[in-house]
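Each chain gets a letter, A, B and so on, in the order its sequence line appears, and its residues count up from 1.
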Number of protein chains: 2
Amino acid sequence: MHPVPEAAISATADEIREAALEQFARDGYSSTSMRDIASSVGIKAASLYNHFGSKEAILWDLTLTAFEELLRCRDLAIANLPDNPTPQDRLACLVTSHVAFHARNSNQALLVNSQLAALSKTHYRKAVAMRAQYEATMREVIDEGITKGVFTTIDARVTTFAILQMGMAVSGWFRPEGPLTVSDLCAIYVDLAAKMLTPLPLKRKE
Amino acid sequence: MHPVPEAAISATADEIREAALEQFARDGYSSTSMRDIASSVGIKAASLYNHFGSKEAILWDLTLTAFEELLRCRDLAIANLPDNPTPQDRLACLVTSHVAFHARNSNQALLVNSQLAALSKTHYRKAVAMRAQYEATMREVIDEGITKGVFTTIDARVTTFAILQMGMAVSGWFRPEGPLTVSDLCAIYVDLAAKMLTPLPLKRKE
DNA sequence: CTGCTACACTAACGATCGTTAGTTAAAGTC
DNA sequence: GACTTTAACTAACGATCGTTAGTGTAGCAG
């Protein structure tokens with residue numbers, strides 16, 4: 001009956017993506033109905049099936065795009081590093097792209113960070129693998145800094161989580177119309193991350 | 001027909017609370033049905049209404065309890081501070097109770113951190129107020145340290161968020177059977193938070 | 001023993017869910 | 001101008017949702 005396009009490319013499909021992304025991010029996947037999405041686009045629920053095979057297919061389409069853009073941002077930032085970057089350079093670069101993405105693309109970030117559980121088992125596994133790949137980049141930079149003696153931490157794994165997750169949380173509260181620019185925000189988080197990994201010379205209780 | 005207890009106190013009510021908390025935290029409020037909860041307890045959905053007036057009443061009961069316990073943990077930790085605590089003492093105390101709570105009570109933490117949107121408008125407002133009150137404690141300690149000159153940060157508000165949120169995220173990944181004890185974990189986060197607020201003497205490029 | 005309460009049950013209500021079938025109208029192709 | 005394709009529609013399916021009504025029964029109070 002209906003064709004089930006592998007990756008719908010019409011203008012209507014993009015409107016569906018936009019509406020679904022916003023509502024999935026704001027209200028959650030299971031609180032958003034196909035009729036909700038359709039009505040945002042100005043069509044009936046049944047017409048969604050001209051563009052996507054199922055509700056889960058919309059979520060997966062959005063999830064895949066979000067991960068692709070997240071990884072693309074990371075790669076772009078890495079490509080712009082100076083020659084022979086220090087671990088500090090690499091850390092600043094990664095934290096900046098991480099925080100900037102979560103500030104600028106908060107809906108995509110919220111989707112990726114809290115709606116994965118709604119995916120089918122197969123898609124869920126792929127998504128988790130992409131997330132692991134993304135997180136590994138941060139971990140490698142931190143490990144490199146530790147090996148080279150410029151970073152110190154009690155626990156590299158936990159510190160990696162902490163840096164990633166304080167950045168992810170940005171998508172929950174940051175508003176571009178607020179007092180901070182994205183650039184301000186990135187500078188703050190770069191500073192925090194750097195301090196988290198810097199040995200404390202402290203204890204000057206002479 | 002059914003009495004609608006203000007705060008159900010029977011053993012069955014507690015089993016309902018336990019089952020609902022776990023499923024709300026794991027699957028989300030709107031993905032969990034009354035029949036799901038009932039079947040975990042070993043009764044039928046209609047019997048839930050002998051103990052709670054509605055599905056939202058269960059969520060609100062759990063939310064209120066979770067906030068009360070969170071605030072109680074904080075107050076207990078504050079009460080155990082030494083006399084004339086330094087801002088560093090206060091920070092360590094708050095971070096420890098924060099992280100310990102999110103590690104030990106991950107279901108309650110997940111509820112409070114990601115299921116508030118499912119509450120009724122009135123309850124939602126009360127919950128947000130409780131969260132704001134909790135967060136304010138951290139902010140005050142950080143501001144005190146800045147005023148006294150022992151903490152430095154580019155932006156106190158963002159740093160407060162960062163410290164709180166890296167601790168909240170613990171509820172998403174920490175497992176007591178893993179390699180770290182709760183006590184280990186708290187020590188790591190206390191260290192990270194302290195470093196985030198400590199001036200970098202760095203830049204020894206003599 | 002009687003009556004009340006607590007708490008489980010079955011059955012069902014109306015609403016809403018994701019999804020499908022079949023129809024219609026417009027646009028594009030030969 | 002005839003034909004195919006695209007994408008909207010109406011209508012409805014069966015499932016599931018939160019919830020209510022009414023019933024049965026065990027335990028406890030008098």
* Donor-acceptor pair (no angle test) under 3.5 Å: B:Asn50 side chain, C:dA6 base -> no
* **Non-neighbouring partners of B:Tyr189 that pass ring-ring contact (aromatic ring centres under 6.0 Å, His included), sequence neighbours left out** => none
* B:Arg17 and side-chain hydrogen bond (donor to acceptor under 3.5 Å, both in side chains): which partner among B:Thr65, B:Thr12, B:Asp61? -> B:Asp61
* Distance (rounded to the nearest 0.5 Å) between A:Leu111 CG and A:Gln108 CD -> 8.0 Å
* Structure fact -> Out of C:dC7, D:dT19, C:dA8, minimum distance to the side chain of B:Ser10 belongs to C:dC7
For residues 165-179 of chain A, please give each side-chain donor-acceptor pair under 3.5 Å, one per line with the distance, not counting sequence neighbours.
from	atom 1	to	atom 2	distance (Å)
A:Ser171	OG	A:Met168	O	2.8

* **Nearest-Å distance for atom pair CD1/C1', residues A:Ile43 and D:dA8** => 8 Å
* Taking the side chain from B:Glu144 and the backbone from B:Pro87, do they hold a donor-acceptor pair closer than 3.5 Å? -> no
Between N or O atoms, less than 3.5 Å apart, protein on one side and nucleotides 13-18 of chain D on the other: list the pairs.
from	atom 1	to	atom 2	distance (Å)
D:dG18	OP1	B:Thr32	O	3.4
D:dG18	OP1	B:Lys55	NZ	2.8
D:dG18	OP2	B:Met34	N	2.9
D:dG18	N7	B:Arg35	NH1	2.9
D:dG18	O6	B:Arg35	NH2	3.1

Anything under 3.5 Å between a donor and an acceptor, one on a side chain of residues 157-164 of chain B, the other on a protein residue two or more places apart or in another chain? List them.
from	atom 1	to	atom 2	distance (Å)
B:Thr159	OG1	B:Thr153	OG1	2.5
B:Thr159	OG1	B:Asp155	O	2.8
B:Thr160	OG1	B:Ala156	O	2.7

* Counting only side-chain N and O atoms of B:Thr12, is one of them less than 4.0 Å from OP1 or OP2 of C:dC7? -> no
* **Spacing of B:Leu48 atom CG relative to D:dA21 atom P, expressed in whole Å** => 17 Å
* **Gap between atoms CD1 and P, on A:Ile37 and C:dT19 respectively (whole Å)** => 10 Å
* **Sidechain-backbone polar pair: A:Ser106 side chain, A:His102 backbone, donor-acceptor under 3.5 Å** => no
* Asked: Taking only N and O in the side chain of A:Ser47, is any of them less than 4.0 Å away from OP1 or OP2 of D:dC9?
  -> yes
* Would you say D:dT6 has OP1 or OP2 under 4.0 Å from some side-chain N or O of A:His51? -> no
* **Angle by which the axis turns from one end of the helix from C:dC1-D:dG30 to C:dC30-D:dG1 to the other, five pairs per end, to 10 degrees** => 0°
* Asked: How many Å lie between CZ on B:Phe52 and P on D:dT19, as a whole number?
  -> 13 Å
* Give a yes or no on whether a salt bridge exists between B:Glu22 and B:Arg26, defined as a side-chain N under 4.0 angstrom from a carboxylate O. => yes
Would you mind writing out the side-chain donor-acceptor pairs for residues 126-136 of chain B within the sub-3.5 Å range, not counting sequence neighbours?
from	atom 1	to	atom 2	distance (Å)
B:Tyr134	OH	B:His98	ND1	2.6

